[in-house]
Amino acid sequence: MKAAIIYTAGGPEQLTLEERSVPKAEIDQVLVKVKAFGLNRSELMTRKGYSPGVAFPRILGIECVGEIVSDHSGKWQPGQQVAACMGGMGRDYDGSYAEYAVLPSSIIYPFTSKLSWDMLGAIPEMFQTVYGSLHLALRIQKGESILIRGGTSSIGLLAIQLARQAGLRVIATTRSEEKKQFLLEQGAEAVLIDDGNLKAQVRNLYPDGIDKILELVGANTLKDSLSCAKPGGSVCMTGMLSEIWSVKDFAPMDYIPATVNLTVFDTGQIKVEVDALQEFISMVENGEIKLSIGGVFKLDQIVEAHQLMDSNMAGGKIVVITD
């Protein structure tokens with residue numbers, strides 16, 4: 001099989017395409033023929049050497065869609081369409097940047113769909129992250145206001161759609177004035193230009209603050225996001241677009257406003273129900289949800305795909321297909 005392997009941390013050019021033997025599944029594992037996978041910021045961080053505990057050489061990739069090749073348990077039959085994400089994939093063991101992957105049965109999501117593989121490849125991690133952040137962490141309710149900080153990211157764009165469908169008033173952010181109209185067309189009722197300090201802009205729109213805030217930029221804007229929440233409101237830190245993971249000298253009593261709730265969502269800790277994924281795929285098929293695809297590449301173009309991710313110019317999910 002072909003596989004993209006990284007031996008040394010660094011830029012996109014560190015990813016090299018090689019021929020490897022197809023791995024064999026053991027007990028509690030399945031062998032999946034990878035059809036497509038999406039790129040994720042966490043893979044960029046791992047590639048740069050910012051992920052503690054990840055040993056090189058490694059086949060990266062924390063998500064994929066494809067078909068079952070073999071399953072010792074007999075739970076899934078050859079040819080069954082499946083998705084997989086997280087669970088140590090591409091970090092503790094080799095992931096999806098390959099034509100085949102051996103994966104734990106515990107992270108397999110069966111589904112049925114007639115969508116193309118490039119469309120399906122955009123879904124697993126993006127859907128789980130957005131659905132989990134909005135419904136499990138923030139517990140959004142119809143009529144609430146929500147600020148999506150990092151609105152032009154693939155996660156942000158999908159969050160705008162799902163929040164609107166749930167009946168929320170959506171405010172999105174971007175650092176670029178040129179992208180303001182784009183976010184309004186995606187369903188945001190207001191767009192704020194993010195200079196790192198949103199509190200004054202937010203209070204002009206909502207004097208008491210925002211009900212729910214989805215923080216996708218990272219730890220460097222988290223304190224400002226907390227200051228934008230209303231008393232009793234909630235902030236969910238999900239993304240790290242800024243590549244800043246931690247808060248220096250974190251003092252909770254000074255950092256978090258009284259009665260404001262701070263939570264996180266991590267697909268490595270919480271698994272969304274299988275039925276929710278199938279329902280989401282059906283919504284995409286029916287045109288109720290529009291996936292924002294920022295680029296589609298082949299496996300032998302993995303370096304170019306990572307270069308696009310590095311540029312922050314994709315405007316949607318970057319997908320790699322293996323065929």
Side-chain angles (χ1 to χ4, degrees), residues 1-26 29-66 69-70 83-104 106-108 117-118 121-122 124-126 129 154 218 239-246 266-268 294-314 317-323:
M1 70 173 186
K2 293 179 181 178
I5 302 165
I6 184 167
Y7 289 88
T8 304
E13 70 281 356
Q14 297 299 333
L15 293 160
T16 59
L17 201 64
E18 297 182 6
E19 290 286 339
R20 280 199 173 186
S21 299
V22 176
K24 295 183 179 180
E26 299 180 356
Q29 295 179 330
V30 297
L31 176 62
V32 174
K33 173 68 175 79
V34 177
K35 292 290 188 177
F37 56 86
L39 297 194
N40 298 277
R41 300 293 295 188
S42 66
E43 294 152 8
L44 180 153
M45 300 286 279
T46 301
R47 192 202 74 214
K48 290 183 174 183
Y50 299 159
S51 299
V54 177
F56 295 156
R58 176 65 69 216
I59 299 175
L60 302 181
I62 66 167
E63 67 172 319
C64 70
V65 291
V69 176
S70 63
C85 67
M86 295 299 288
M89 186 176 175
R91 296 167 63 86
D92 300 333
Y93 54 89
D94 285 338
S96 61
Y97 287 18
E99 293 180 313
Y100 293 87
V102 167
L103 304 172
S106 59
I107 67 169
I108 297 297
W117 286 112
D118 57 327
E125 178 66 9
M126 184 167 65
T129 299
S154 59
M240 298 175 192
L241 295 169
S242 63
E243 300 179 19
I244 297 177
W245 297 75
S246 60
D266 175 8
T267 52
V296 178
F297 296 82
K298 294 183 178 180
L299 185 57
D300 60 7
Q301 297 174 305
I302 190 66
V303 171
E304 292 91 331
H306 265 252
Q307 288 171 338
L308 178 58
M309 180 162 59
D310 278 13
S311 75
N312 294 317
M313 297 298 291
K317 187 76 170 182
I318 301 170
V319 178
V320 176
I321 55 175
T322 60
D323 291 335

For Val34 and Ser96, the nearest pair of non-hydrogen atoms, with its separation, is CG1-O, 3.8 Å
Over all atoms of both residues, closest heavy-atom pair of Cys64 and Met89:
SG-CE, 3.7 Å
To the nearest 0.5 Å, atom CD of Gln29 lies from atom CD1 of Ile108 at 10.5 Å
Just how far is it from atom CD1 of Ile321 to atom CD of Gln301, taken to the nearest 0.5 Å?
8.5 Å
For Leu17, check side chain to side chain contact (heavy atoms under 4.5 Å, CB included) against everything at least two apart and list the hits.
Lys2, Ala4, Leu299, Asp300
Show the nearest heavy-atom pair for residues Pro23 and Leu31, with the distance to one decimal.
O-CD1, 3.6 Å
Under a 4.5 Å cut-off applied to non-hydrogen side-chain atoms, are Asp266 and Met86 in contact?
yes
If we only count heavy atoms from C-beta on, is the Lys298 to Val320 side-chain gap below 4.5 Å?
no
Taking every non-hydrogen atom, the tightest pair across Ala25 and Ser70:
CB-OG, 4.3 Å
From Tyr100 atom OH to Lys24 atom NZ, the distance as rounded to the nearest 0.5 Å:
14.0 Å
What is the distance from atom CZ of Phe37 to atom CD1 of Ile302, rounded to the nearest 0.5 Å?
4.0 Å
Quick one: are Val303 and Gln307 in side-chain contact, heavy atoms under 4.5 Å?
yes
Do you know the tightest heavy-atom contact between Ala83 and Pro124?
CB-CG, 3.9 Å
Acceptor/donor pairs from residues 39-46 side chains to any protein atom, 3.5 angstrom cut, sequence neighbours excluded:
unit_1: Asn40; atom_1: OD1; unit_2: Lys317; atom_2: NZ; d: 2.9
unit_1: Asn40; atom_1: ND2; unit_2: Gly38; atom_2: O; d: 3.3
unit_1: Asn40; atom_1: ND2; unit_2: Glu43; atom_2: OE2; d: 3.1
unit_1: Asn40; atom_1: ND2; unit_2: Glu63; atom_2: OE2; d: 2.9
unit_1: Arg41; atom_1: NH1; unit_2: Met309; atom_2: O; d: 3.4
unit_1: Arg41; atom_1: NH1; unit_2: Asn312; atom_2: OD1; d: 2.8
unit_1: Arg41; atom_1: NH2; unit_2: Leu241; atom_2: O; d: 3.3
unit_1: Arg41; atom_1: NH2; unit_2: Glu243; atom_2: OE2; d: 3.2
unit_1: Glu43; atom_1: OE1; unit_2: Asn40; atom_2: N; d: 3.0
unit_1: Glu43; atom_1: OE1; unit_2: Tyr97; atom_2: OH; d: 2.6
unit_1: Glu43; atom_1: OE2; unit_2: Ile62; atom_2: N; d: 2.9
unit_1: Thr46; atom_1: OG1; unit_2: Ser42; atom_2: O; d: 3.0
unit_1: Thr46; atom_1: OG1; unit_2: Ser51; atom_2: OG; d: 2.8
unit_1: Thr46; atom_1: OG1; unit_2: Arg91; atom_2: NH1; d: 3.3

Nearest heavy-atom pair of Pro104 and Tyr93: which atoms, and what distance?
CD-OH, 3.1 Å
Worked check of side chain to side chain contact (heavy atoms under 4.5 Å, CB included) between Ile5 and Arg20
CA-CA 10 Å; Ile5 302 165; Arg20 280 199 173 186; 3.1 Å; yes
Determine, for Lys48 against Asp310, whether the closest basic-nitrogen to carboxylate-oxygen distance falls under 4.0 angstrom.
no
More than 12 non-hydrogen atoms from neighbouring residues, nucleotides or ligands closer than 6.0 Å to CD on Glu13, yes or no?
yes
Side chain to side chain contact (heavy atoms under 4.5 Å, CB included) partners of Ser311, counting only residues at least two apart
Leu308, Met313
Please determine whether side chain to side chain contact (heavy atoms under 4.5 Å, CB included) holds for the pair Val65 and Trp117, giving the CA-CA distance in whole Å, both sets of side-chain angles, and the decisive distance to 0.1 Å.
CA-CA 8 Å; Val65 291; Trp117 286 112; 3.7 Å; yes
